[in-house]
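Computed from a predicted model, the values in this text were never measured in an experiment.
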Amino acid sequence: GIRYRTSNAASSLNEEEDAPPLSLGSDDCPFPETARWCLSALKNLTRPGKLSSSSVNAAVGNPDPPGGDTAAAATITNPNNDSIKEQEQVTTSEEMGFLTNRDASAVAAHAILDAGILPLLLRILKHKEDAATVPTSKNENSTAGYSTGGFLYSWQSNTAQDAALYTLMHMASVPQVRRVLREDCSGCVEVLVSILNYGKVISDRLKNAAMSGGDDGGNYEEEDVELGRSSLQCLKARMTLSYLVLSSENNANLPKYGSATTLADHETHSIVDLLSHCLQGRAKEGPGGYSAATFTLKGALHVVKCILSEPKNREMFASTINGSRLNALLLKAVAQYSLRSEEITEIMDAEAVEHAVVSIYWMTMYGLDESSIGFSNPFGRQSIFLPATFGDHGKKTEAMSVVAKVFTAYLNKDGITLRGQHAANQVLFRVIYLRFEGSVADMAYPGKTFPSKSDFDMDDKLLAAIKIVSGEELQTQGAKPKEYIFGRAVSQNEKEGIGSKVFSSVGGATGSKSFSSALIAAEDLAAQQPAGPIDDIAIANNIAYYADGLDIYYGFVWKWEDGQGDLIERIYSAAETENEDLNESTERSEPYSPPRMGLLGRLKIPTPRADDNEPFSIFGFRCGAQMCGRGY
């Protein structure tokens, strides 16, 4: 069977990292069938529940702690409201926080760490049937050395490698366990990257196989069967790596993983396929298929959010029809939770729907309508956010109205998270600037039974519930994005004196912090604010406006990092503001937008002399012409 020695988790993880691959049936493992049964048992014991927690800090209504789910809470509260102080060395299930939810799968995952079995799982996954196709490059991101003639990682169901990879995926889905894996076991990432790199080598063939529905009798060519199995193993490896590397809010170490965190083209199909089956509670048939219980809807939504936290993956989805497919599935998940929660509470909770809401929020910037914003899509392609309508003939509803009503209903739900609330508000602010075009029928896969048109559409019952939602007309129109908030790096700098203590960088550090764009900087600022409808785009427009100027915005001086200075035409002069007596020694207790008039003056309805190009306050109000130098 599987032989192991008991030792503490921290010391055993790296001890066998460089050990050779383990072949069941070799002298090291004389009872292969017994080992396979044990591995299958581990796979089932670690399988997460439908509502297993995705993060350490999963309390509804509380914002994520700095550092995301990698940052341990100072105290952990058990069901009896007793405070369990976290110890410096985490070695027991109590200290790992499993008393919080008594999740049996989480306990099993931690037991594997305690028992020292993990290195053996990795050795099993390193074993390849054909040594000639083993990568020869030492570069973990290289695809050199792979043979494209055969198929690696096309493990059949219930083989040792298949069960080992499922077990690793299940372990990585446990917040407390993946923290240990991320910090103490780089061998996990190495194994996963090897599988994913091979998938990139045969990406075109995997994509073609994913689009194939077999012949009229549902029969598949032998190659399609092998490719289907490889695609499933690549999907499991992608999910595992995403949980490990991208689940954290702190992505400071992402560069060391190179391109490993970015999707291959075929993987966008796998993710859409996964989410569609999970949303319908349906098994996947055919090569690389799986039962309806293999993946949970909450787990699928979580992995989508993890994957989309990497902007390159958002661009990958948006560059094809899979972007609008994914958006439609995510919207449907939010709609079902917000309007038919009594039918979905067993598979979705507030944390699960937050994953969907945040994912849609991230994708909105890739679905901007050029005719609405007045400039070319900043990401190089005019992407469709969603189809123009939902519903069958005679009962069609405009998609823009559906989005507005679904997110209005979501905001009216009790118990939603602060992060979900912020993301939903951003979607509502910018919904009028999104591109809705085409039909739901365009999303169906030709020649395949599933995912079908109905997977991406809203059924009559859901549309009826959406129709009666009121209040969308009360939603405030958000700021129109300006072209200069995209693609130009900006730095956030502390300034001594005025505003220096208004706001500090993440983690409490002062100094300078760089962002890839004004929009990313705005999202970072907004994420640190109390709950409220703060418009990220309005903040981004103002950051870009004040960059390389003399004003302080949100307590910081902003500078363009390309050294080209201020290329933006100033809307008004740099004349002194109304508050001339404000001097360098002034300190403010809250972030502020540099005033041009008193607060009441800034809230006046703009006169006909107001200019569409004028900046917005942090609350999304446009400055009137009276307050701007050019208006005089």
Side-chain angles (χ1 to χ4, degrees), residues 47-55 58-61 101 103 105 173 239 271-284 290-306 308 325-361 363 386 390-391 397 399 401-421 423-424 427-428 440 443 450-469:
R47 191 191 306 274
K50 293 179 180 179
L51 296 177
S52 292
S53 176
S54 303
S55 64
V60 173
N101 53 26
D103 191 328
S105 62
S173 72
M239 293 178 70
I271 297 300
V272 167
D273 198 51
L274 169 71
L275 187 54
S276 67
H277 287 297
C278 288
L279 198 55
Q280 298 296 327
R282 182 179 61 215
K284 179 181 177 181
Y290 41 81
S291 73
T294 300
F295 303 101
T296 66
L297 176 58
K298 184 174 182 178
L301 291 171
H302 183 208
V303 83
V304 167
K305 189 184 79 169
C306 290
L308 294 181
R325 284 170 174 161
L326 180 65
N327 294 338
L329 293 171
L330 292 169
L331 179 64
K332 193 170 184 177
V334 178
Q336 289 186 343
Y337 178 84
S338 303
L339 299 166
R340 289 164 56 179
S341 57
E342 70 282 354
E343 302 176 19
I344 204 169
T345 51
E346 292 186 358
I347 57 175
M348 281 188 74
D349 56 13
E351 189 182 23
V353 75
E354 178 199 294
H355 299 325
V357 172
V358 171
S359 296
I360 295 177
Y361 156 50
M363 290 299 293
L386 282 170
F390 288 108
T397 305
S401 175
V402 170
V403 172
K405 290 192 173 186
V406 164
F407 280 92
T408 298
Y410 170 74
L411 288 172
N412 289 330
K413 291 281 292 185
D414 292 330
I416 62 173
T417 64
L418 292 182
R419 192 176 185 192
Q421 180 182 349
V427 175
L428 289 172
V440 177
M443 299 181 181
F450 298 110
S452 64
K453 171 183 174 294
S454 62
D455 287 352
F456 305 110
D457 206 351
M458 304 284 178
D459 59 49
D460 291 344
K461 187 176 180 181
L462 195 54
L463 283 175
I466 292 171
K467 185 177 181 180
I468 63 176
V469 174

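A424 is linked by a side-chain contact (heavy atoms from CB on, under 4.5 Å) to V357, F407, Y410, L411, counting only residues two or more places apart in sequence or in another chain. Taking the side-chain contact (heavy atoms from CB on, under 4.5 Å) definition, one finds that L463 meets it with F390, T397, V402, M458, I466, sequence neighbours left out.
For T294 (side chain) and Y290 (main-chain N/O), no donor-acceptor pair under 3.5 Å exists by modelled atom type. Within the 3.5 Å criterion, the main-chain N or O of T408 finds a donor-acceptor partner in the side chain of N412. Side chain of K298 to backbone of I347: no donor-acceptor contact under 3.5 angstrom is found.
The NZ atom of K305 lies 7.5 Å from the OG atom of S54; values are rounded to the nearest 0.5 Å. Taken to the nearest 0.5 Å, the CE atom of M348 stands 11.0 Å off from the CD atom of E354. The NE2 atom of H277 lies 13.5 Å from the CG atom of L297; values are rounded to the nearest 0.5 Å. Atom CG in L308 sits 10.5 Å away from atom CD1 in I360 (nearest 0.5 Å). Atom CG of L339 is separated from atom CG of L462 by 6.0 Å, given to the nearest 0.5 angstrom. Between the CZ atom of R325 and the OG atom of S276 there is a distance of 10.0 Å, given to the nearest 0.5 Å.
Between K50 and D349 there is no salt bridge, since none of the side-chain N atoms of the basic residue sits less than 4.0 Å from a carboxylate O of the acidic one.
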Kindly determine whether V358 and R419 satisfy side-chain contact (heavy atoms from CB on, under 4.5 Å), including the steps that lead there. CA-CA 8 Å; V358 171; R419 192 176 185 192; 4.1 Å; yes
Applying side-chain contact (heavy atoms from CB on, under 4.5 Å) to S52 and S173, what does each step give before you reach the verdict? CA-CA 9 Å; S52 292; S173 72; over 6 Å; no
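When all heavy atoms are compared, the tightest approach of A300 to C278 is CB-SG, 4.0 Å. For G49 against T296, the heavy-atom pair with the smallest separation is O-CG2, 3.8 Å. Closest heavy-atom contact between L51 and T345: CD1-O, 3.5 Å.
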Compile the donor-acceptor pairs under 3.5 Å between side chains in residues 327-338 and protein atoms, sequence neighbours left out, one pair per line.
unit_1	atom_1	unit_2	atom_2	d
N327	ND2	G323	O	3.2
N327	ND2	F385	O	3.1
K332	NZ	S454	O	3.0
K332	NZ	D455	O	3.3
K332	NZ	D457	O	3.0
S338	OG	V334	O	2.8

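Crowding of K453 atom NZ: a count of heavy atoms from other residues, nucleotides or ligands under 6.0 Å exceeding 12.
In this structure the side chain of L274 reaches within 4.5 angstrom of the side chain of M239, judged on heavy atoms.
Side-chain polar atoms of E351 and S55 form a donor-acceptor pair below 3.5 angstrom.
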